[in-house]
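A single structure is presented below for examination.
Values below: all heavy atoms of this structure, side chains included; hydrogens, waters and symmetry mates excluded.
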Amino acid sequence: MATFSNTDTGDKPSGPYYNKNIDNDATLKEKVEALTKFVSSCKFGMMTTRDASSGKLVSRCMAIAGKEGGDIDLTFTTNTESHKTDELKADSHTNISFCDSSGQWASIAGQASILTDRDVVRKYYSPALKAWLGDLGDGRHDGSADDPRIGVLKVQAGSVTYAVNEKTALGRAAEVAKGAVTGEAASVQKLREISEKEVQQWRATASKV
């Protein structure tokens, strides 16, 4: 696999922020619960897909409709006639990212499936969708749960990286100020990773509950 490097830092870490903030002590339960809490607080995420014709990455804001797999898999309602369903049919790989004003963030890499079963749609349907799809006046495409344009995107997580704050805003500012003076990487967040193996383990455990 091709790599890129622009310098040699010898035996010094090239990215000291990672080493200073990575949290390897949290249990899987703690990691998933903190992720779920943060994602729920955001409500909206950016879904990235790949345009098959140009290869370009495309992102758009999506409202979370629900969670599955022990809350680690996300569902979204969608217009089945939109570009994103074309893109996901060609390549199901996607990334859902979240960020808030305090600098907390999450990145969920996974694969999306397009579901059109009406029972599934009704489970996640919201009357507010009518405002986005409208009523075409033909008695079928009316923005209701039976409108065939409405589908569900289920994103099955593959791996996750996220960072949540462990200090107050004042504490984080003090850490950054200290780092700017001393050159020491600031310890401002709990940076956590949930591997593919851990995701599968969590999902399997949740299915037994």
| What is the distance from atom OG1 of T94 to atom CG of L153, rounded to the nearest 0.5 Å? |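 Answer for the OG1-CG pair, T94 versus L153, is 8.5 Å.
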| message | Suppose clustering is done on Ile, Leu, Val, Met, Phe, Trp and Tyr with side-chain heavy atoms closer than 4.5 Å. Which residues sit in the same group as Y125? | response |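 Taking Ile, Leu, Val, Met, Phe, Trp and Tyr as members, Y125 shares its hydrophobic cluster with L115, V120, V121, Y124, L129, W132, L133, I150, V152.
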| message | Please evaluate residues S107 and N95 with respect to the criterion side-chain hydrogen bond (donor to acceptor under 3.5 Å, both in side chains), reporting the C-alpha separation (whole Å), side-chain torsions for both, the decisive distance (0.1 Å), and the verdict. | response | CA-CA 7 Å; S107 174; N95 183 273; 2.9 Å; yes
| field | Nearest heavy-atom neighbours spanning T85 and I114 | value |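 Answer, listing the atom of T85 first, then I114: O-CD1, 3.5 Å.
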| Do the non-hydrogen side-chain atoms of K154 and E68 ever get within less than 4.5 Å of each other? |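 The answer is yes, as the side chains (C-beta and beyond) meet within the 4.5 Å cut-off.
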| task | Go through the side-chain N and O atoms of S59 and T48 and say whether any donor and acceptor fall under 3.5 Å apart. | result |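 There is such a pair between these side chains.
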| message | Rounded at 0.5 Å granularity, tell me how far CD in Q201 sits from CD1 in I72. | response |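 Answer for the CD-CD1 pair, Q201 versus I72, is 10.5 Å.
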| query | Which pair of non-hydrogen atoms, one from R118 and one from A145, has the smallest distance, and what is that distance? | reply |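 Closest approach of R118 to A145, heavy atoms only: NH2-O, 2.8 Å.
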| task | Could you pull out the closest heavy-atom pair between F44 and F98, with the gap in Å? | result |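 In this case the closest contact between F44 and F98 is O-CD2, 3.2 Å.
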| query | CD of Q156 to OG of S113: how many Å apart, nearest 0.5 Å? | reply |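 Nearest 0.5 Å value for the CD-OG distance: 7.5 Å.
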| request: For D23, enumerate each residue passing the salt bridge (Lys or Arg N to Asp or Glu O under 4.0 Å) test, keeping only those at least two apart in sequence or located in another chain. | output: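 By the salt bridge (Lys or Arg N to Asp or Glu O under 4.0 Å) rule, D23 matches R192.
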| Spacing of L74 atom CG and I64 atom CD1 [to the nearest 0.5 Å] |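 Answer for the CG-CD1 pair, L74 versus I64, is 5.5 Å.
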| query | So, do H141 and P148 sit near enough that their side-chain heavy atoms are less than 4.5 Å apart? | reply |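 Yes, their side chains come closer than 4.5 Å.
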| task | Give the minimum heavy-atom separation between A65 and T77, together with the two atoms involved. | result |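 That would be CB-N, 4.0 Å.
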| Any side-chain heavy atom of T36 sitting closer than 4.5 Å to one from S40? |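 SC-SC contact between T36 and S40 confirmed.
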| query | How many angstroms lie between CD1 in I108 and OG in S97, if you round to the nearest 0.5 Å? | reply |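 Taking CD1 in I108 and OG in S97, the distance rounds to 9.0 Å.
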| query | Is the closest side-chain heavy-atom distance between W105 and V164 below 4.5 Å? | reply |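 A side-chain contact under 4.5 Å is absent here.
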| Taking only residues two or more places apart in sequence or in another chain, which ones pass salt bridge (Lys or Arg N to Asp or Glu O under 4.0 Å) with K130? |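 For K130 there are no salt bridge (Lys or Arg N to Asp or Glu O under 4.0 Å) partners, ignoring immediate neighbours.
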| said: Distance alone, cut at 3.5 Å: any donor-acceptor contact between the side chains of R60 and S82? | reply: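 There is no such pair (donor and acceptor under 3.5 Å, judged by atom type) between the side chains of R60 and S82.
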| task | List the atom of A34, the atom of Y162, and the distance in Å for their closest heavy-atom pair. | result |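 Heavy atoms of A34 and Y162 come nearest at CB-OH, 3.5 Å.
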| message | For a side-chain contact (heavy atoms from CB on, under 4.5 Å) check, start with the C-alpha distance between T49 and D91, then their side-chain angles and the critical distance, and finish with the verdict. | response | CA-CA 8 Å; T49 54; D91 184 350; over 6 Å; no
| query | Heavy atoms, side chains only, cut-off 4.5 Å: are V155 and T75 in contact? | reply |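 With C-beta onward as the side chain, the pair stays apart.
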| query | Does one hydrophobic cluster hold both L28 and V39, with members joined at side-chain heavy-atom distances below 4.5 Å? | reply |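 Yes, because L28 and V39 connect within a single hydrophobic cluster, where side-chain heavy atoms sit under 4.5 Å apart.
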| request: Flag the pair E87 and R50 as a salt bridge only when some basic side-chain nitrogen lies within less than 4.0 angstrom of an acidic carboxylate oxygen. | output: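 Salt bridge: no.
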| field | L35 to A106 - nearest heavy-atom pair and separation | value |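 L35 and A106 have their closest heavy atoms at CD1-CB, 4.0 Å.
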| task | Mind jotting down which residue pairs meet the salt bridge (Lys or Arg N to Asp or Glu O under 4.0 Å) criterion with at least one end in residues 141-153? Sequence neighbours excluded, please. | result |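 Salt bridge (Lys or Arg N to Asp or Glu O under 4.0 Å) check on residues 141-153 returns R122-D146, D147-R149.
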| said: Salt bridge check, D73 against K67: does any charged N sit closer than 4.0 Å to a carboxylate O? | reply: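 The answer is no: the pair does not qualify as a salt bridge.
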| request: Give, for atom NZ of K84 and atom OG1 of T80, the distance between the pair rounded to the nearest 0.5 Å. | output: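 Nearest 0.5 Å value for the NZ-OG1 distance: 9.5 Å.
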| field | Test salt bridge (Lys or Arg N to Asp or Glu O under 4.0 Å) applied to E33 - qualifying residues, sequence neighbours left out | value |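 Checked E33 against salt bridge (Lys or Arg N to Asp or Glu O under 4.0 Å); matches are K29.
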| Would the number of heavy atoms belonging to other residues, nucleotides or ligands and lying under 6.0 Å from CD of E193 be above 12? |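 Enclosed.
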| request: For E198, enumerate each residue passing the salt bridge (Lys or Arg N to Asp or Glu O under 4.0 Å) test, keeping only those at least two apart in sequence or located in another chain. | output: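 By the salt bridge (Lys or Arg N to Asp or Glu O under 4.0 Å) rule, E198 matches K31.
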| Side chain Q104, main chain N165, donor-acceptor under 3.5 Å |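 At least one qualifying donor-acceptor pair exists.
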